[in-house]
Asker: 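Before I ask anything, here is the structure I am working with.
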Amino acid sequence: GIEMKFATIFIAVILFIPIACAMLYTMFYPRESALFGKRWQFKNENIEPSDEVIKYNRMVGIIGLVISILMLIFVIIKY
């Protein structure tokens, strides 16, 4: 019934929010996201990812955000 539709859409939105936040962080801060969880591997503090890694992270963020928005729209339309 209507409760099941609401529950499905509600769960989809709740799952979408952290994914969208992670993708937005990757888009706007590609340098920091490239080093996320890897800083402990380096001795000095001024580590710098390459330009290719920064471009790659930004593109992954954009593509991931577009795909997650399309999936959310699909769930809302389907239910």
Side-chain angles (χ1 to χ4, degrees):
I2 190 105
E3 297 87 15
M4 190 64 181
K5 290 180 183 179
F6 175 76
T8 303
I9 292 172
F10 181 75
I11 291 172
V13 169
I14 294 298
L15 292 175
F16 169 76
I17 291 171
I19 294 170
C21 289
M23 295 298 118
L24 287 170
Y25 180 79
T26 302
M27 280 173 45
F28 291 114
Y29 304 104
R31 180 173 283 111
E32 289 81 6
S33 66
L35 298 174
F36 186 77
K38 296 180 183 174
R39 291 187 190 271
W40 65 272
Q41 297 174 352
F42 302 99
K43 186 181 277 190
N44 58 356
E45 290 295 323
N46 55 357
I47 51 177
E48 188 71 25
S50 68
D51 291 337
E52 290 81 16
V53 170
I54 293 170
K55 289 178 189 174
Y56 173 76
N57 270 9
R58 185 167 283 137
M59 289 307 298
V60 166
I62 293 169
I63 292 169
L65 187 62
V66 168
I67 289 173
S68 59
I69 288 172
L70 290 175
M71 289 174 63
L72 180 66
I73 292 170
F74 176 75
V75 167
I76 291 173
I77 289 174
K78 185 167 169 54
Y79 293 98

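Residue indices begin at 1 and follow the sequence shown.
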Asker: Determine whether Met59 and Val53 fall in the same hydrophobic cluster, where Ile, Leu, Val, Met, Phe, Trp and Tyr are linked whenever their side-chain heavy atoms lie under 4.5 Å apart.
Answerer: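 Hydrophobic grouping puts Met59 apart from Val53.
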Asker: If I take atom CG from residue Leu72 and atom CD1 from residue Ile77, how far apart are they, to the nearest 0.5 angstrom?
Answerer: 10.0 Å
Asker: Check whether Leu24 and Ile17 end up in the same hydrophobic cluster, where Ile, Leu, Val, Met, Phe, Trp and Tyr are linked by side-chain heavy atoms less than 4.5 Å apart.
Answerer: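 Looking at the clustering, Ile17 is in the same group as Leu24.
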Asker: If you measure from NZ on Lys5 to OG1 on Thr8, what distance do you get to the nearest 0.5 Å?
Answerer: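 So the NZ of Lys5 and the OG1 of Thr8 are separated by 10.0 Å.
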Asker: Roughly how far apart are Ile63 CD1 and Thr26 OG1, rounded to 0.5 Å?
Answerer: 12.0 Å
Asker: Do you know the tightest heavy-atom contact between Leu65 and Met27?
Answerer: CD2-SD, 3.8 Å
Asker: If you take all heavy atoms of Val60 and Met23, which pair is closest and at what distance?
Answerer: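 Closest heavy-atom pair between Val60 and Met23: O-SD, 3.9 Å.
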Asker: With respect to Ile11, which candidate in Ile14, Leu15, Ile9 satisfies the side chain to side chain contact (heavy atoms under 4.5 Å, CB included) definition?
Answerer: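 Passing option: Leu15.
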Asker: Rounded to the nearest 0.5 Å, what separation is found between the CE atom of Met71 and the NZ atom of Lys78?
Answerer: 13.0 Å
Asker: Quick check: is Ile69 connected to Phe28 through a chain of hydrophobic side chains (ILVMFWY, heavy atoms under 4.5 Å apart)?
Answerer: yes
Asker: At what distance, to the nearest 0.5 angstrom, does CD1 of Ile54 lie from CD of Glu48?
Answerer: 6.0 Å
Asker: Measure across Asn57 and Pro30 and return the closest heavy-atom pair with its distance rounded to 0.1 Å.
Answerer: ND2-O, 3.3 Å
Asker: Can you tell me how far apart CZ (Phe16) and CD1 (Ile76) are? Round to the nearest 0.5 Å.
Answerer: 9.0 Å
Asker: Are Ile62 and Tyr56 co-members of a hydrophobic cluster defined by side-chain heavy atoms under 4.5 Å apart?
Answerer: no
Asker: Give a yes or no on this: more than 12 heavy atoms of other residues, nucleotides or ligands lie within 6.0 Å of atom CZ of Phe42.
Answerer: yes
Asker: Apply salt bridge (charged side-chain N to carboxylate O under 4.0 Å, His left out) to Glu3 and list each qualifying residue two or more places apart in sequence or on a separate chain.
Answerer: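 Once residues adjacent in sequence are excluded, Glu3 has no partner under the salt bridge (charged side-chain N to carboxylate O under 4.0 Å, His left out) criterion.
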Asker: Specify whether Tyr25 and Tyr29 have parallel, tilted or perpendicular ring planes, treating 30° as the upper limit for parallel and 60° as the lower limit for perpendicular.
Answerer: tilted
